[in-house]
Amino acid sequence: MDERLRERLLEALDRFNPCDACLGRAFGYRLTGLENRERGRALKLTLGMLAQAEDDTDALELLARSGLEEATAVLDDPPSPEPCGICEGVLSRCDEFAEAAALELEELDFDGFIIGSRWPDRVLDRERELWDVLETEGEPIKREFNREVGKRVERILGERADPRDPDAELIFDFRPSLDDPKLELNVKPVYVRGRYLKLRRGLPQTKWPCPKCKGAGCSECDYTGKVYLESVEELIGMVLKDAFLAEYHKFHAAGREDIDVRMLGNGRPFVIELLYPKRRTADLRRLEERIEKEVGNKVRVRDLELGEAEDVRRVKDLSERSLKRYRAWVVFEREVSEDRVRKALNELTEREIHQRTPRRVLHRRADKVRVKRVHEARLIRHEGDEAVVEFLCDPGLYVKELISGDEGRTRPSLAELVGVRAECERLDVIEFLEEGDRG
Ligand SMILES: [Zn+2]
Ligand SMILES: [Zn+2]
């Protein structure tokens with residue numbers, strides 16, 4: 001061994017008392033196929049042999065203090081081993097940490113995992129100082145820890161560590177304490193996409209927290225924290241969350257219908273994000289049936305399939321590109337002839353509608369004029385002052401106002417063309433056309 005290297009190693013032992021792994025890691029990229037602890041032990045053994053040959057008790061004592069039993073054995077009055085000044089003993093506990101990790105991961109259903117770690121600055125600073133003394137550029141402690149624990153967990157669980165696309169990530173946070181790290185488990189969400197039907201009016205699409213208490217519960221909301229007890233989101237989410245043993249769910253849909261509007265026909269596309277799932281698969285046909293059985297008078301789902309993160313953006317984009325077909329129950333102020341209604345609907349067909357933000361949504365939407373197109377307008381039924389009509393509309397066209405005219409804010413409107421005041425009494429979305437659905 002080079003004299004200069006030997007001096008530096010003895011200085012490092014004196015200042016940092018590194019364990020085999022921390023010493024070996026400083027030379028972590030020399031000779032492959034070795035574990036750092038083997039590298040460190042090889043260096044310590046070499047130093048020990050040289051020290052014994054020269055009767056260098058000081059050096060042997062440093063080695064004994066750092067845990068080299070061979071040095072302890074040859075000394076008359078050896079010092080007792082002291083914890084590593086870099087990792088403070090963490091790297092000698094990899095087996096134990098791997099057991100803890102396996103315990104956390106065991107109850108999960110996953111494909112590929114990764115072990116991560118976070119370290120206090122003092123460990124990283126001392127590691128850097130050690131390398132400076134040794135004039136090396138070693139392997140960071142984080143990499144060694146993650147790899148060593150990962151290898152052990154692979155052996156315990158028979159499950160592959162996969163850094164490219166892991167479903168589960170377990171992070172040891174040593175920042176608060178090196179003895180007792182905090183464990184943080186991150187699991188990739190599961191995405192389930194499909195289409196939903198809303199069969200009951202008065203049901204909001206998403207959870208609607210009480211505006212007064214913001215969900216905490218108050219006298220205003222009967223201590224439910226909600227304006228409406230149920231929503232499409234919650235009715236579907238409840239069943240899926242349960243099936244995937246998830247902790248939370250987030251609901252994303254291709255637009256939304258008003259609370260008093262039903263969503264029928266082929267349903268509206270949605271994707272539900274299940275967070276912290278313990279299961280990653282389920283029999284989706286059975287889940288559709290379960291939803292039908294449990295809440296089928298309010299909500300149904302169809303075409304459920306496992307999705308991916310990208311579906312969230314996709315489903316949102318869809319709402320801006322999809323035409324919707326509506327069925328509306330119209331009430332005129334007085335009796336009108338079928339002929340007049342038919343004529344008005346013909347005029348609305350393939351017509352551009354200039355629609356200023358409806359008064360009812362002005363509190364949450366900017367006041368501006370949108371130009372949208374009605375593609376089809378058909379009369380289904382007419383009697384006296386009532387008519388049932390169907391419209392196929394551009395996305396974002398407000399149909400209630402297309403009927404009433406919203407006091408001149410929507411032009412033309414059915415009321416304007418018939419020449420009699422009209423209101424939309426009930427409304428259903430009966431078809432959600434995705435791009436390409438329409439010939
Ligand atoms: Zn160490
Ligand atoms: Zn409240």
Side-chain angles (χ1 to χ4, degrees), residues 8-30 34-45 47 62-69 71-72 79-98 115 117-134 136-152 172-175 177-181 204 206-231 234 259:
R8 283 195 232 114
L9 283 166
L10 289 172
E11 185 191 340
L13 280 168
D14 187 28
R15 281 180 57 188
F16 304 104
N17 191 43
C19 65
D20 294 355
C22 286
L23 181 63
R25 203 171 61 253
F27 302 90
Y29 298 114
R30 317 253 179 104
L34 278 178
E35 286 189 11
N36 287 329
R37 68 188 67 244
E38 295 176 298
R39 287 190 181 87
R41 181 166 156 75
L43 287 166
K44 287 185 187 178
L45 283 171
L47 287 173
L62 286 177
L63 290 163
R65 186 185 65 161
S66 84
L68 188 74
E69 284 170 14
T72 306
S80 13
E82 286 172 22
C84 169
I86 308 292
C87 72
E88 299 179 21
V90 169
L91 290 177
S92 63
R93 296 171 62 198
C94 286
D95 286 339
E96 185 191 322
F97 291 128
I115 300 290
S117 54
R118 301 195 187 104
W119 298 85
D121 287 342
R122 70 170 193 278
V123 171
L124 305 178
D125 291 347
R126 282 188 312 226
E127 181 173 71
R128 169 53 55 194
E129 287 168 35
L130 171 72
W131 297 351
D132 287 348
V133 169
L134 295 172
T136 57
E137 191 61 43
E139 183 191 34
I141 188 166
K142 182 192 186 104
R143 282 190 49 179
E144 167 155 23
F145 177 86
N146 299 354
R147 182 182 63 243
E148 290 301 318
V149 172
K151 276 199 301 207
R152 288 164 172 77
F172 286 81
D173 191 350
F174 287 105
R175 290 172 307 180
S177 156
L178 283 174
D179 283 341
D180 188 17
T206 49
K207 200 170 151 183
W208 194 329
C210 167
K212 200 176 164 202
C213 64
K214 309 255 180 285
C218 67
S219 56
E220 196 83 4
C221 60
D222 258 341
Y223 302 94
T224 60
K226 296 189 269 190
V227 179
Y228 292 89
L229 275 183
E230 298 179 320
S231 60
E234 289 162 286
I259 186 165

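In each ligand, atom 1 is the first atom listed, and ligand 1 is the first ligand listed. As the structure is a prediction and not an experimental result, all values here were calculated from the model.
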Asker: Taking ring pair (Phe, Tyr, Trp, His ring centres under 6.0 Å) as the test, write out the residues that go with Tyr228, two or more places apart.
Answerer: Trp208
Asker: Between Glu127 and Ile141 (side chain of the first, backbone of the second, donor and acceptor by atom type, cut-off under 3.5 Å), is there such a pair?
Answerer: yes
Asker: Please confirm whether the backbone N or O of Ala26 pairs with a side-chain atom of Thr136, one donor and one acceptor, at under 3.5 Å?
Answerer: yes
Asker: Which residues pass the ring pair (Phe, Tyr, Trp, His ring centres under 6.0 Å) test with Trp131, not counting sequence neighbours?
Answerer: none
Asker: Give, rounded to 10 degrees, the angle between SG (Cys218) and SG (Cys221) as seen from the Zn ion (ligand 2).
Answerer: 110°
Asker: What protein N/O/S atoms are there under 2.8 Å from the Zn ion (ligand 1), waters excluded?
Answerer: Cys19 SG, Cys22 SG, Cys84 SG, Cys87 SG
Asker: Considering the options Arg25, Glu139, Arg143, which one meets the side-chain hydrogen bond (donor to acceptor under 3.5 Å, both in side chains) requirement together with Asn36?
Answerer: Glu139
Asker: Can you tell me which residue pairs pass the side-chain hydrogen bond (donor to acceptor under 3.5 Å, both in side chains) test with a partner in residues 215-226, sequence neighbours excluded?
Answerer: Lys226-Glu234
